[in-house]
Structure formats: structure tokens, C-alpha cells
Amino acid sequence: MNFEFTEEQLMIQESARDFAQNEIAPTTVKRDINAEFPADIVKKLGELGFLGMMVSPEFGGAGLDTISYVLAMIEISKVDASVGVIMSVNNSLVCWGLEEYGSDFLKQKYLIPLAQGQKLGAFALSEPEAGSDATQQRTMAEKNGEFFVLNGIKNWITNGTSADYYLVMAQTDKEKGHKGITTFLVEKGIEGFGHGVKEDKLGIRSSDTCSLTFENCKVPKENIVWEEGRGFNFAMNTLNGGRIGIAAQALGIAEASLDAAIKYSKQRKAFGKEISNFQAIQFKLSDMAVKIDAAKLLTFKAAALKDAGKSFTNEAAMAKLYSSKIAVECALEAIQIHGGYGYVREYLVERYLRDAKITEIYEGTSEIQKVVIARSLLKDN
Ligand code: CAA
């Protein structure tokens, strides 16, 4: 067992940290207040290779491992979790899935610009009546010659209005249940494909989330990812990696909360001394640090297993479950340490709480992660 990062991994971490502090931080608060998508930042992230981190250079990516991706995700999310989720969806749900399962045609036409950051991707699985119970897809894709005709609605789509390419799960054979679901790559702007208004969210307000609508939307059959009927397996396999990205996003928020709590506790005086001198505060800081370290170990373990080509479904679920839980806890404690100042915008920690909450919901709720973990326990024992 080796707990050291390589020089290359540390370099990626440092360059993500520099980028986050110099290019992202100056506009984070304003974009959160105005729910403004960080288009310029996303463009620069792409130019630096942060949008196709794990894609091989052959397809325009940086060819890095999952550990490097986690390190970068933590640094970016520590400053702005909205930018974190935009980056996570493009890397783990869109690029990874296309490289792993896409045809050469799809890789040449779509993966290269996505990995180079010239185009942005979105992942469309959830529907108004298919959230946690994702097999219940109502979006239909009916075969018509060389095309499939899509009809239906998707919900809660990250990068919903800003993406160029969408991976859309739809039912091609209702009789077959989840084995009749297929994934399509749908380009923005094609006839019959629209989107709803941007959701007015509690947190990650600078990322854009909306519904998608398909009305007799014709998608060429060569835009099927993997094979007809493999769309649900595609979504599940891809989400396993996505969950590592969200665990890293949650870790970034938790670290930001601890840093803010330490800084404030060393400045704020009460009863004649800095509050960091009181055990009540010290115990909170210690608890936060232990939780963050435990969550990191889970997340890097899942990433290391993925890099080694081993099964990591269970580990990714554990990493996401625990990291998202402690992100909420750490943000709450940071607010408590700040007292009244923690409850107002000026001190940032209220945003950490708002941003942390979604990590317990998207890419599989905490309850779904527990289902995944329990199934593995019951199967293996
Ligand atoms: N990894 C790989 N395969 C998996 C899997 C996993 N984690 N979970 C299920 N599967 C496979 C099963 O092996 C099975 O495959 P076969 O039929 O080929 O054998 C198939 O999926 C169906 O599985 P189940 O019979 O277990 O189906 P189920 O309905 O009982 O449970 C579920 C499935 C685990 C609850 C699944 O529906 C699930 O994960 N739900 C959560 C959905 C989710 O994460 N949504 C996130 C939306 S995307 C998002 O949030 C992105 C964003 O924009 C930020």
C-alpha cells in the first residue's frame, strides 16, 4: 500500500489549485448570487485539459489517471463546486462513457471536441417519473429506417442549457424493460430537441440545470452509444465513475469548510482569547479533519481500483455516500463555528452548506448508494 502521490499527480493538483484560485475564485460569489454559468472559465478549463482528463491523447484527452482527476476535482470544488460538477459531468459521465463504449465514428466526431473542451457534454438519464428508479424510462425512441425518433422529457440535467452534446437514455423496446433501454448521442439544435428554463436552485447555482424535451426528434442510428438495449448498463457503469467525481466534489467542499473554520477560529476573540483556544472549537475542528481524511481514503481507494482495471462499484458508492455526508456535516460545523457570521453571505460558509446538499442527491441519492452497498454485501457473504 502506497500513500504517496506521484510527481505528475502533485503537479496536476497544483495546477488545478492555481487555476481555481486565480481564475475561478474572483467570480465565484457573483456567479452564485446571479446563477450565472461560468462560460469563460469552462473554456479555459478545456484549453488546459481539465475537461478530458482521463481520455487518451489519441482522442484529444490528457491521458491522466483517476487519482489525478480526483485531486483536480477537489481543488476546483474547494473554490467553486458549481465548476466542479460541470467538470465532473463532462469528464466522468460523458467523455469516459464515450471512450469506453462509443464507436470509432462517435469518438472521432464527438469525443475529440468534448475532451479538448471545444464542446461541452451532458448526461440525460433522470425523468419526472424515473429518478432513483432509473429503469422506469418513459422517453421512447422508435426506429424509423436509418433514424430513431425520440419523444419524452428528461429532468435535472446538469449543463442542460449550455451543453453541445447530450447522452440520452431512451426506451427502444418497452417489452424488454431495462434491457430495452438505449443510449443516444443527441446534438444540440436538432429539430424537436428543446430545453426548459434553468432551475432556480438552493446550491451549485452557477451550474445550469434544466429539463430537456424531445418531440419527434430524429437521431441517426449511428449515434447509438454501445448497442441497442445496452443503455441501462451504459448508464450504470458510467455512473460508477461519476460517483467518484462527486465524492471528490464533496471533499472539496468539506476541505473548504474546514479551512474557513480554522481561519475564523484563529481570528475571532471571545472571553478574552481567540476561540481556537477553546476545546469546544478544537473538538469540532478535529472531528472535521478525521472525517475528511476517512472520506479521502475511501475516494482514493475507489479511484485506485478503477485505475487498476478492477471492480470499484461498491467502493465508489461508499466514497460518494460518506464524502457527501461529511461535506454537509463539515459545512454545518463551519457555520456553527462562525456563529451569526456563518449565516450570512459575507463569510462563504453558508454557500458550502447549500452546495454540499446536492452531493447527497445527484448521481444516486445516499439511499441508493446504501442499496448498492447492501446488495454487494448480501451477494458476497
Ligand atoms: N454498476 C453496474 N451495473 C449496475 C449497477 C452498478 N452500480 N447497478 C445496477 N446495475 C445493473 C445490474 O447489474 C443489472 O444489469 P443486468 O440486467 O445486465 O444484469 C441492471 O443494472 C439492473 O439492475 P437491478 O436489477 O439491480 O435494477 P434495480 O431497478 O433493482 O436497481 C438501481 C437499479 C441501482 C436502483 C439504479 O436504478 C440506480 O442506480 N438508480 C439511481 C440512478 C442515478 O444514479 N441517477 C443519477 C442521475 S444522473 C445525474 O445525476 C447526473 C448529473 O447531471 C449530475
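Just the heavy atoms: all of them, side chains too, but no hydrogens, waters or symmetry mates, feed the values below. These numbers were taken from a predicted model, which means no experiment stands behind them. Note that ligands are numbered from 1 as they come in the structure, with each ligand's atoms numbered from 1 the same way.
- Salt bridge Glu129/Arg138: present, at least one basic N to carboxylate O contact under 4.0 Å.
- Set against the non-hydrogen atoms of Lys179, the atoms of ligand 1 under 4.0 Å away are 16 (P), 17 (O), 18 (O).
- Other residues sharing the hydrophobic cluster of Val328, ordered by chain and number and joined by side-chain separations under 4.5 Å: Val29, Ile33, Ile253, Leu332, Ile335, Leu348, Val349, Tyr352, Leu353.
- In terms of protein heavy-atom proximity, atom 29 (O) of ligand 1 is nearest to Thr135 CG2, 3.6 Å.
- Side chains of Leu120 and Ile86 form a contact here, defined as non-hydrogen atoms less than 4.5 Å apart.
- For atom 31 (O) of ligand 1, the protein comes within 4.0 Å by at least one heavy atom.
- Taking a cut-off of under 4.0 Å to the non-hydrogen atoms of Leu93, the atoms of ligand 1 that pass are 51 (C).
- With a 4.5 Å cut-off on side-chain heavy atoms, Phe193 and Thr213 do not count as touching.
- Asp293 contributes atom CG, which lies 10.5 Å from atom CG of Leu298 (distance to the nearest 0.5 angstrom).
- Of all the atoms in ligand 1, the ones that sit under 4.0 Å from a non-hydrogen atom of Ala134 are 37 (O), 42 (C).
- Not a single heavy atom of Ile157 lies less than 4.0 angstrom from ligand 1.
- Residue contact annotation: Asn159 has no non-hydrogen atom under 4.0 Å from ligand 1.
- Between Glu255 and Lys296 there is a salt bridge, since a side-chain N of the basic residue sits under 4.0 Å from a carboxylate O of the acidic one.
- For atom 42 (C) of ligand 1, the candidate residues are Gly131, Ser126, Gly160; the nearest heavy-atom contact is made by Gly131.
- In this structure, Asp259 pairs ionically with Lys78, as a charged nitrogen and a carboxylate oxygen lie closer than 4.0 Å.
- Ligand 1 is approached by Asn240 to a heavy-atom distance shorter than 4.0 Å.
- Which parts of ligand 1 touch Asn237 is read off a 4.0 Å heavy-atom cut-off, strictly below it: atoms 2 (C), 3 (N).
- Given atom 50 (O) of ligand 1, the protein heavy atom at minimum distance is Glu363 N, 2.9 Å.
- Distances from atom 37 (O) of ligand 1 to the heavy atoms of Gly229, Ser88, Ser132, Gly242 show the closest one on Ser132.
- In this structure, Lys109 pairs ionically with Glu187, as a charged nitrogen and a carboxylate oxygen lie closer than 4.0 Å.
- Of the candidates Lys320, Met236, Arg243, His178, it is His178 that places a heavy atom closest to atom 14 (C) of ligand 1.
- A salt bridge links Lys221 to Glu146: at least one charged side-chain nitrogen sits closer than 4.0 Å to a carboxylate oxygen.
- By the 6.0 Å and 45° rule, Lys143 does not stack over the aromatic ring of Phe148.
- With respect to atom 26 (O) of ligand 1, the closest heavy atom belonging to the protein is Arg375 NH1, 2.5 Å.
- Of all protein heavy atoms, the one closest to atom 23 (O) of ligand 1 is Phe232 CE2, 4.3 Å.
- In this structure, atom 52 (C) of ligand 1 is in close contact with the protein, since a protein heavy atom lies within 4.0 Å of it.
- For a threshold of 3.5 Å applied to N or O pairs, the pair formed by Thr158 and ligand 1 contains at least one separation below that value.
- Near Asn233, meaning under 4.0 Å from one of its heavy atoms, ligand 1 places the atoms 15 (O), 16 (P), 18 (O).
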